[in-house]
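Structure, as structure tokens:
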Amino acid sequence: MQEKKILIASDHGGFDLKENLKSYLQQQNYEVVDYGTHETTSVNYTDYAKLLATGIKNKEADKGILICTSGIGMSIAANRYPFIRAALVHCPEEARLSRAHNNANVLVFGAKFISSDDAQKCINEFLTTDFEGGRHCVRVDALERMTDE
């Protein structure tokens, strides 16, 4: 798995933002694996969350980005997988905290509620922030145990 590799997927509502962010990431020298959708025809967001989650499970990359109209559907779908910690964010501070405190591995955007510029700022924070560990490990470990219940 390469350090500068990231997975990305969206439904039709997130297609335009996905295309913009994919170009941005490539300009930042990331290898981007695009799971689609590849057009604006209506699709089921759960299918794309599953594709991205499977990519992370198969170690194609350790981080991903999901986008739908509100971000809520993708967040719910992605978090069904026990190895995914998907965080719906709207600002860079949320993106930073999702990594630092929650060890999030998937960033989620609602295309209707965030600009391309703000999403790019969030991506920068997400990709440059490390998990702080320490007191936060207890909470992340508790999340892992919840899948066993």
Query raised in the report: Less than 4.5 Å apart, any side-chain heavy atom of Ile8 and any of Tyr35?
Result: no
Query - Validation row: Gln26, Val32 side chains within 4.5 angstrom (heavy atoms) - result: yes
Query raised in the report: Heavy atoms, side chains only, cut-off 4.5 Å: are Cys91 and Asp118 in contact?
Result: no
**Report entry** Validation row: His12, Thr41 side chains within 4.5 angstrom (heavy atoms)
**Finding:** no
Query raised in the report: Applying the 4.5 Å side-chain criterion to the ILVMFWY set and letting contacts propagate, would Val89 and Leu25 be lumped into a single cluster?
Result: yes
Query - Separation of Leu21 CG from Ile114 CD1 (nearest 0.5 Å) - result: 8.5 Å
Report task. State the CZ-SG distance between Arg96 and Cys122, to the nearest 0.5 angstrom. Result -> 12.5 Å
Report summary line: In short, Ala86 meets Asn79 closest at the heavy-atom pair N-OD1, 2.9 Å
Requested in this report: Flag yes if Phe113 and Leu17 sit in one hydrophobic cluster, no otherwise; membership is Ile, Leu, Val, Met, Phe, Trp, Tyr, and two members link when side-chain heavy atoms are under 4.5 Å apart.
Outcome: no
Report task. Kindly write out the residues that satisfy side-chain hydrogen bond (donor to acceptor under 3.5 Å, both in side chains) with Glu125, not counting sequence neighbours, or none if the list is empty. Result -> none
Query raised in the report: Looking at residues at least two apart in the chain, or sitting in another chain, which of them share a salt bridge (Lys or Arg N to Asp or Glu O under 4.0 Å) with Glu94?
Result: none
Report summary line: Here the gap from Leu66 atom CG to Ser75 atom OG, rounded to the nearest 0.5 Å, amounts to 8.0 Å
Report task. Before giving the answer on side-chain hydrogen bond (donor to acceptor under 3.5 Å, both in side chains), spell out for Gln120 and Asn20 the whole-Å C-alpha distance, their side-chain angles and the decisive distance to 0.1 Å. Result -> CA-CA 9 Å; Gln120 291 171 10; Asn20 176 281; 3.2 Å; yes
Report summary line: Ala95 and Leu107 have their tightest heavy-atom pair at CB-CD1, 4.2 Å
**Report entry** Over all atoms of both residues, closest heavy-atom pair of Cys68 and Ile72
**Finding:** SG-N, 4.0 Å
Report summary line: Scanning both residues in full, the closest heavy-atom pair of Ala87 with Ala104 reads CB-CB, 4.1 Å
Requested in this report: Check whether Met74 and Ile76 end up in the same hydrophobic cluster, where Ile, Leu, Val, Met, Phe, Trp and Tyr are linked by side-chain heavy atoms less than 4.5 Å apart.
Outcome: yes
Query - Identified side chain to side chain contact (heavy atoms under 4.5 Å, CB included) counterpart of Ile65 within the set Leu127, Ile123, Val106 - result: Ile123
Contacts under 3.5 angstrom, residues 43-56 side chains, donor-acceptor by atom type, not counting sequence neighbours:
from, atom 1, to, atom 2, distance (Å)
Asn44, OD1, Thr46, N, 3.0
Asn44, OD1, Thr46, OG1, 2.7
Asn44, ND2, Thr46, OG1, 3.2
Thr54, OG1, Lys50, O, 2.8

Requested in this report: Walk me through it: do Lys57 and Ile84 pass the test side-chain contact (heavy atoms from CB on, under 4.5 Å)?
Outcome: CA-CA 9 Å; Lys57 182 179 182 180; Ile84 298 294; over 6 Å; no
Report summary line: OG (Ser70) and CZ (Phe109) are apart, to the nearest 0.5 Å, by 14.0 Å
**Report entry** Val33 backbone acceptor or donor facing Lys5 side chain under 3.5 Å
**Finding:** no
Query raised in the report: How about Asn105 and Asp62: do any of their side-chain heavy atoms sit closer than 4.5 Å?
Result: no
Query - Ser23 side, atom OG; Lys18 side, atom NZ - distance, nearest 0.5 Å - result: 9.5 Å
**Report entry** Spacing of Ile67 atom CD1 and Leu88 atom CG [to the nearest 0.5 Å]
**Finding:** 11.5 Å
Report task. Kindly indicate whether the side chain of Arg99, heavy atoms from C-beta on, has any atom under 4.5 Å from the side chain of Lys63. Result -> yes
